[in-house]
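Below is one structure, written out as structure tokens; comments come after it.
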Number of protein chains: 2
Amino acid sequence: MSVQVDHEERRRQIAEALLRIADTQGLQAASMRAVAAEAGVSLRLVQYYFTTKEGLLLDALARLGAQLQARMEQWISAAGSPPTPRGIVTAVLSCILPTDPESRRITRTYAAYYTLVLSDPEVLEKHGARLPELLEGFLTKQIRAAQEVRQIDSGKNPEMTAAGLLAMVNGLGSSVLGGQRTGDAALAILTHHLDELFRSP
Amino acid sequence: MSVQVDHEERRRQIAEALLRIADTQGLQAASMRAVAAEAGVSLRLVQYYFTTKEGLLLDALARLGAQLQARMEQWISAAGSPPTPRGIVTAVLSCILPTDPESRRITRTYAAYYTLVLSDPEVLEKHGARLPELLEGFLTKQIRAAQEVRQIDSGKNPEMTAAGLLAMVNGLGSSVLGGQRTGDAALAILTHHLDELFRSP
DNA sequence: CACGACATGATACGGGTGTACCACGAGAGG
DNA sequence: CCTCTCGTGGTACACCCGTATCATGTCGTG
């Protein structure tokens, strides 16, 4: 070993600088130089730890996904024990909604990446973890479980209900980010729909 | 009058070139030069008709909004006469979903603008017409009307139902654009939820 | 003590960006 | 007939981008 500064720590520092810029100014403002300045290192270092910009972008995206996943697990465990299907579904969905600073940050940063994916879909393939699919499957299972204990009308299609709910939360998040309504208003709308859903027929 | 070429026609030609690029390659690829090339005119002309890039962006956005509005009116009138609330709601919502080439184009281009708004919210103020608010109000009225003729459970809150529906369509559109599911699958999900909504209790 | 791998700094390069400037044809108004 | 304004072309400017190159410092290991 030589000087051996902690590589992982440096990479984290730089990637989080990228995420901070993506959050506050959008991804198009996240140039290598800007990231270097934000992280308080030289341009050369950014190049050194992430040879190419695409590498940096992908690494930061993976970290963002991990942050969101951690947040969701935290919210689920905070939903009380023993966990009820309704509690879990509510926790997962409302934790995605940009209501507090952290979820605002995560949502906004994800939105910044979304455009990137639209203009360059191959980014998506290089980024292994397909979080939305997993989430949708997870929600589907919870809804099915709720149906079995008669908390949700069993006439509803679980897959479609889960997909619709997730899409709705997504859309609500977009409207909050776009300044069309507040996070609390979005949460109220979500809650209203969950109330309708979890209603013994 | 002098040579007097048709200004409006030229502006339209250029703005639509911008929209075409925003659709196929994203807004960040829509440089003045690229727009000029796409429109088949010189860079100088783009500058001449739209002094600044922001002007071009805003003008094109207004045209895009008009296109969407025209499409919606067309779909509504195609929903049959006399129009039923359910027909109108279905028409409005499904016409936004990216199922055919035109709606794919419109949705994708709107998505391209969305990021722009996120990173620079003042664009939104300069762009007068706030289409989503209008749409939401319109949907709310339709839902209320459906409640009065007992086609929708009157226990539901019309504003929140409309907002949720719109957000869901928005989110479904995003997932289609992101390649997560097909337009038809999204339409099926929407239809399933409309079936649940329009069900005499 | 010396060598070599690792870590970092400074700077250069080619290209793309929005905007500004200058020149020139053509038709209208005096 | 002259002149002036409108429409248009070409090109230059200053800046920012991602990446590459060269140089240097710093330490563990032989």
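So you know, we letter chains A, B, ... as the sequences are listed, proteins then strands, and number each from 1.
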statement: Whole-Å distance, Arg10(B) CZ to dG7(D) C1', equals 9 Å

message: Quick test of your reading of the model: are Arg63(B) and Glu8(B) salt-bridged, counting only N-O distances below 4.0 Å?
response: yes

message: OP1 or OP2 of dC6(C) versus the side-chain N and O atoms of His7(A): is any pair under 4.0 Å?
response: no

query: Where the side chain of Ser103(B) meets the backbone of Leu97(B), is there a donor-acceptor pair that is under 3.5 Å apart?
result: yes

message: Expressed as a whole number of angstroms, how long is the span from Met32(A):CE to dG16(C):P?
response: 19 Å

- request: Write down the distance between NZ (Lys53(B)) and P (dT17(C)), rounded to a whole number of angstrom.
  value: 8 Å

field: Asn170(B) backbone acceptor or donor facing Ser174(B) side chain under 3.5 Å
entry: yes

- prompt: In whole Å, what is the span from the CD atom of Gln13(B) to the C1' atom of dT8(D)?
  reply: 14 Å

message: Quick check: any donor-acceptor pair below 3.5 Å linking the side-chain of Arg33(B) to the base of dG16(C)?
response: no

Pairing of Asp195(B) and Arg86(B) as salt bridge, 4.0 angstrom limit: yes

field: Distance below 4.0 Å between Ser31(B) side-chain N/O and dT17(C) OP1 or OP2
entry: yes

task: Quickly work out the Leu27(B) CG to dG18(C) P distance and round it to whole Å.
output: 12 Å

query: CD of Glu54(B) versus C1' of dT17(C): gap in Å, rounded?
result: 16 Å

task: Mind running a 4.0 Å heavy-atom check of residues 39-52 of chain A against DNA chain C and sending the residues that fall below it, in number order?
output: Ser42(A), Arg44(A), Leu45(A), Tyr48(A), Tyr49(A)

task: Taking the side chain as every heavy atom from C-beta outward, state whether Leu135(A) and Pro132(A) have any pair of such atoms under 4.5 Å apart.
output: no

field: Minimum heavy-atom distance Ala22(A)-Thr109(A), with the two atoms named
entry: CB-CG2, 3.8 Å

